[in-house]
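This report concerns only the one structure given below.
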Amino acid sequence: VSTFNGNITGTGSLSITSAAPEIFLTDTNANSDYSIVVNGGQFRVRDETNSANRLAVNSDGHVDIYGRLDAVGGFIASSNSAIEGNLELTSTYPSLTWTDTNHNSDYRITNNDGQLIIYDITNGAHRLNVNADGHIDILGNLDVGDGIDVTGNIIASGDITANGGDLTISGATAVLHLTDTNNDDDF
């Protein structure tokens, strides 16, 4: 064991050889104190004050971070990623963007003041908005492949066309009102 006070200056390489080589970094005026250790093929940064590993680089290349990771400058994953647990986006305008690198359209899902928006970036158009009061705006054509069930009233501000089938009105007091917008008789 050697003890040094002050700076240590050297040239070349520093080699520490043992079954579990370790360097202790003790901060004399604050906590935490750390160690750097290699053991069983794993490189670790350990918080000695709190007896906890903080970072591990494993021999297969994957990195474990034990605790929260604050990526202040951003985060880029250049391969497939798996998230085990919840993904939370916190911002005044939190968004997820999907950019299809070999085809269009590209999309963004955003929470804008309580309104959830699916936005077509390529064509500059809102496609679906879920509003804070619960109603949903679909800003384009809606194709329903296997029927649609409606509980409540249907209000249409345009023509209603039924192709290839019947219009059936049923119920104990089913009524069909035909009303025009001029002074002619209504049926």
Original post:
So which pairs with a foot in residues 10-37 pass salt bridge (charged side-chain N to carboxylate O under 4.0 Å, His left out), sequence neighbours left out?
Top reply: none
Heavy-atom donor-acceptor pair, [X] side chain to [Y] backbone, under 3.5 Å:
X: N129; Y: N131; value: no
X: T122; Y: D106; value: yes
X: D47; Y: T49; value: yes
X: D60; Y: H62; value: yes
X: N111; Y: G114; value: yes

Subject >> Listed partners of N123 passing side chain to side chain donor-acceptor pair (under 3.5 Å), at least two apart >> reply: S105, D120
**OP:** Check side chain to side chain donor-acceptor pair (under 3.5 Å) between N112 and all other residues, then give those that pass, not counting sequence neighbours.
**Re:** none
Note, [X] side chain near [Y] side chain (heavy atom, < 4.5 Å):
X: S32; Y: N50; answer: yes
X: I121; Y: T97; answer: yes
X: F43; Y: N58; answer: no
X: H126; Y: Y119; answer: yes

Original post:
V45 and L25: same hydrophobic cluster, using ILVMFWY side-chain contacts below 4.5 Å?
Top reply: yes
Subject >> ILVMFWY cluster, L139 and I109 together (side-chain gap under 4.5 Å) >> reply: no
Subject >> Full working for side-chain contact (heavy atoms from CB on, under 4.5 Å) between T110 and L116 >> reply: CA-CA 6 Å; T110 302; L116 183 68; over 6 Å; no
Original post:
Atom CG of D133 and atom CD of Q115: how far apart are they, to the nearest 0.5 Å?
Top reply: 9.5 Å
Original post:
Apart from F4 itself, what residues make up its hydrophobic cluster, given side-chain heavy atom links below 4.5 Å?
Top reply: I8
Original post:
Closest approach of R44 and A56, non-hydrogen atoms and distance?
Top reply: CG-CB, 4.0 Å
Original post:
Where is the tightest heavy-atom contact between S35 and F24, given as atom of each residue plus distance?
Top reply: CB-CD2, 3.8 Å
Original post:
Which residue pairs satisfy the side-chain hydrogen bond (donor to acceptor under 3.5 Å, both in side chains) criterion with at least one member in residues 76-94, sequence neighbours excluded?
Top reply: E88-T90
Name every donor-acceptor pair, under 3.5 Å, that has one atom in a side chain of residues 141-161 and the other anywhere in the protein, sequence neighbours excluded.
{"unit_1": "N141", "atom_1": "ND2", "unit_2": "D143", "atom_2": "OD1", "d": "2.8"}

**OP:** Say whether H103 and D100, considering side chains only, have a donor N or O and an acceptor N or O under 3.5 Å apart.
**Re:** no
